[in-house]
Every structure is written in C-alpha cells, then in structure tokens.
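Accompanying notes for the structure given below.
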Protein chains: 2
Amino acid sequence: MRIAILGGTGDIGEGLALRWGYDTDHELVIGSREADRARAKANEYETELDSRGLDVTIEGAKNSDAAANADVVVAAVPAYHLTDTIDAVADELDDAVLVSPAVGMQRDADGFHYNPPSAGSVTALAADAAPEDVPVVGAFHNLAAGRLANLDADLGIDTLLVGDDPDAKSTVADLAGGIEGLRPLDAGGIANAPEIEGITPLLINVAQHNDRLHDLGVRFE
Amino acid sequence: MRIAILGGTGDIGEGLALRWGYDTDHELVIGSREADRARAKANEYETELDSRGLDVTIEGAKNSDAAANADVVVAAVPAYHLTDTIDAVADELDDAVLVSPAVGMQRDADGFHYNPPSAGSVTALAADAAPEDVPVVGAFHNLAAGRLANLDADLGIDTLLVGDDPDAKSTVADLAGGIEGLRPLDAGGIANAPEIEGITPLLINVAQHNDRLHDLGVRFE
C-alpha cells in the first residue's frame, strides 16, 4: 500500500509516518506545500528509523505530487487548511481513499471545546470538499501527537473510524491496525464523527486536571 | 455519607445503588415519584446484595423525602425529567451536593447522536435548575447501566467529573472511587460537560458496529 501523508511535516503526520515506517512495509510519501520541506522532514524520519536499525525509504514531495498514485491519502493538516489542501490535490485522488484526522477546537477560560464547522464535523467537511467519487474515512482523531511520534511509547489505545464506504473504511482499519498497540474500531458513518472529534479537546482537559496523566488516548472497554 | 438516588428505580440508579451497596458503607436511599415503587426497588436491591452475603439496608421514599438529609443527591432521571425532578426536591437540598449523570441523545438512521439542551449540556441544565447555593457535579455519564448493575462484571473504566465547586467535586470523586474498578478523573468545570456527555451515544454506536463489544465504558490511557 502506498500512503501519502499530506501535511506530513506536522506533528500528527510525523507520528503516523514514524509508526507506519517502524511497524509496517507500506510505501510512505510525505507531502507539504513545499517539496523541499517535505523532503527534509522525510529525511529526518528516515534518520530516526535508521537509528533504530531500520533501513526505510520515505519520499517527500509537494502535496499534489505526493497524492498522485497513492492508494491512501491522509490529510494530516489543521482543520482550517483542510478544504484548501483537498482542493490542491483533488485531481490526483483517482482510486484513492482520503483519510481525515483533523479536529476543530477552540480554547476559552474553561478549557478546550469542540468547535465543529457548519458541515457538522471536520470529517464531513473533508467529505464535502473531496471529489464525489473519492471515499472519505475519518480516523486517527484522538491520538496524542507526541506519544504517537515517540516510538518508545506504548500505545494501547483505540482509534475510531467513520465512513460511508465500507471497503474504504476496511482499508483504513487495516492501516490503523498495522500500528502496534492501536486498535481500530468501527463507529459507523460520517454522521457519527462529531462525538469522536469532540473527544480530542476532552483529552486535553482531562490531562490538564489530572497530574499524572498526559498525552492521553482513549480505550473502549 | 448519605446518598439519595432520585430515579433510583431506573437502570443507572439501580447500578449505582448496587455498586455502592456492595463496595461501600454509605447510607443509601432510593427516590422515586411514588414512595411504594421506591421501597419495592430498594427491597429488590437488598435481596440482590443479600444473595451475595451482604446484609445492607436500603431505604425507599418519594424523591423529596429521599433528598431530605442526604449529603449527596444523584438525579438519576432521564434528561427530559431533570428540571421537574430538581424542582420537586429543591427545598430539601440544604448543604447537599447535586450530581447529574443524565445525557441527552437522539437516534436517527445513522446511529445515536448527542442532543444537548439549550443550556449547553444536561449537566449545565441541572446547574441552572438547582438552587443557587447547591453545588452541581456532573458524573457517571458514560457508564453502561447493565454492566454497572451486574455485580459479576468487572468495570475497569473511568468516570469524568465536571463541577465549578472543587469541594463538591472532590466529595463526588470519593464516592465514585469507592466503586471498585471505577476511576474518577477531573475534567474541569461544567462548561466542559458537552464533550463528556457526547461520549455516551458514541459508546452505543461503537458497540453496534463491533461484534464483540457491548456495554462499553471508556478508559483514558
């Protein structure tokens, strides 16, 4: 499987790239708005994996070049860049599955709060922005980026998947399950995304109010 | 500690009563709109505990009588009965902490969805309905009633607490922590309740889409 991680220079993109590089044999390409920056980060990830004895090649390219020929395209960009990012790669998404991990949050004096776009969720926004024949799957919403990118950290957590195309969801579940310690769980259609995305600000609030907890994930038991 | 469980004849009330009866020495009183029904259910719970070798007395009374002299009053009623229930006991809440476990949900073709009242959350609705000097704590929102009421079932899950009065929140955290396998976690103020309450419909959706999962709870790791 060839996976393009758009915004793969950001913190969630870094974590996914390192975990897939470490735990799987998937071909990885890091996308960014600037090809040079993508290649520099891809080299950093290769160096990190090499330091652990893994000789892995990770490509770097402009987002649209990264998306071309990828089987799965992960839009690992902030919610406010999501529509622009999808528009920029739309012509390259033939036969690809688009994955949306972004969440909209706002912070006030009380803590972090879920702040969905008018589409209802960020995942639904991605589905609206994607070409009609490109299946969209929401996944990886509630992962603490620092913990994901730290290959010494055990995960032991779940990721919830939503999507309206069962085959696409199954493809992404396999990718997620390839990461050691990450259990993919089906949460139904994209209409069920808001309650999943809302967990991310909650994880930050819980970590802020409980001394020994940080970089939290969630597990359904 | 004397705990009144209003709506204690319902399924979450039953679970809390049985767990506190089994795991702690707190005085318990079941409240209902009808005293006879409360007493009948209290007797059922006593019988269940007796079958496990525990000689526990559980009282039953009309909601307002149950609330009188209680240190903690749990409004274990559906969200649409919450305001009426609090109004009916408001004069009896002197020096009590009011606990709100209710969640507003709706179901459509896609699954269950969080449906908060205009107050922002059901916990905030409870705070609005309570007399001004009565501290309100949101807790026990994401517990599967059947699993809670089955004393043979291990919990191993968390409950998130929100409240604007630290002492009241601490009191409820102690009560929650008295239940074996239930870990109380502070999630900040009542403004942070929506994302917690939203987990409950999500738990139902996840259970519906994953064959081996049911009666789910959540754990933050």
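Every chain is numbered from 1, with letters handed out A, B, ... down the list of sequences.
Proximity to chain B (any heavy atom under 4.5 Å) is restricted, for A:Leu203, to the side chain, taken from C-beta onward. In this structure, no portion of B:Leu155 lies under 4.5 Å from any heavy atom of chain A. Of the two parts of B:Leu185, the backbone and the side chain both hold a non-hydrogen atom closer than 4.5 Å to a non-hydrogen atom of chain A. Looking at A:Ile157, only its side chain comes within 4.5 Å of chain B, counting heavy atoms on both sides. For chain B, the nearby parts of A:Ile196 are the backbone and the side chain; heavy atoms of each come within less than 4.5 Å.
When side chains are defined from C-beta on, A:Glu27 does not count as touching A:Ile3, because their heavy atoms never get closer than 4.5 Å.
Once rounded to the nearest 0.5 Å, the distance linking CD1 of A:Ile12 with CD1 of A:Ile5 reads 10.5 Å. Note that the CG atom of A:Leu54 and the OH atom of A:Tyr22 stand 6.0 Å from one another [nearest 0.5 Å]. Here the CG atom belonging to B:Asp186 is positioned 9.0 Å from the CG atom belonging to B:Asn192, to the nearest 0.5 angstrom. Residue B:His141 holds its NE2 atom at 9.0 Å from CG of B:Leu161, rounded to the nearest 0.5 Å. Taking OG1 of B:Thr9 as the start and CD1 of B:Ile30 as the end, the distance is 8.5 Å to the nearest 0.5 Å. Atom CG in B:Leu160 sits 10.0 Å away from atom CG in A:Asn205 (nearest 0.5 Å).
Checking side-chain atoms of B:Arg183 against main-chain N and O of B:Phe220 turns up a donor-acceptor pair under 3.5 Å. A:Trp20 places no side-chain N or O within donor-acceptor distance of the main-chain N or O of A:Gly178, the cut-off being under 3.5 Å. No donor-acceptor distance shorter than 3.5 angstrom exists from the side chain of B:Lys169 to the backbone of B:Val136, with no hydrogens or angles considered. Looking only at distances, a side-chain donor or acceptor of A:Arg19 sits under 3.5 Å from a matching main-chain atom of A:Leu148.
For the side chain to side chain donor-acceptor pair (under 3.5 Å) criterion with A:Asn142, the lone passing option out of A:Thr200, A:Asp158, A:Thr159 is A:Thr200.
By the 4.0 Å N-to-carboxylate-O rule, B:Arg52 lies close enough to B:Asp152 to be salt-bridged with it.
The candidate with the highest count of non-hydrogen atom pairs below 4.5 Å against chain A, out of B:Arg147, B:Glu197, B:Gln208, is B:Arg147. Most heavy-atom pairs under 4.5 Å with chain A: of the set B:Asp215, B:Leu216, B:Asn210, this distinction falls to B:Asn210. Listed options A:Gly217, A:Ala187, A:Gly156 were ranked by heavy-atom pairs under 4.5 angstrom with chain B; first place goes to A:Gly217.
The interface of residues 104-125 of chain A with chain B, defined by heavy-atom distances below 4.5 Å, comprises A:Asp110, A:Gly111, A:Phe112, A:His113, A:Tyr114. Contacts between residues 70-97 of chain B and chain A, defined by a heavy-atom separation under 4.5 Å, are made by no residue at all.
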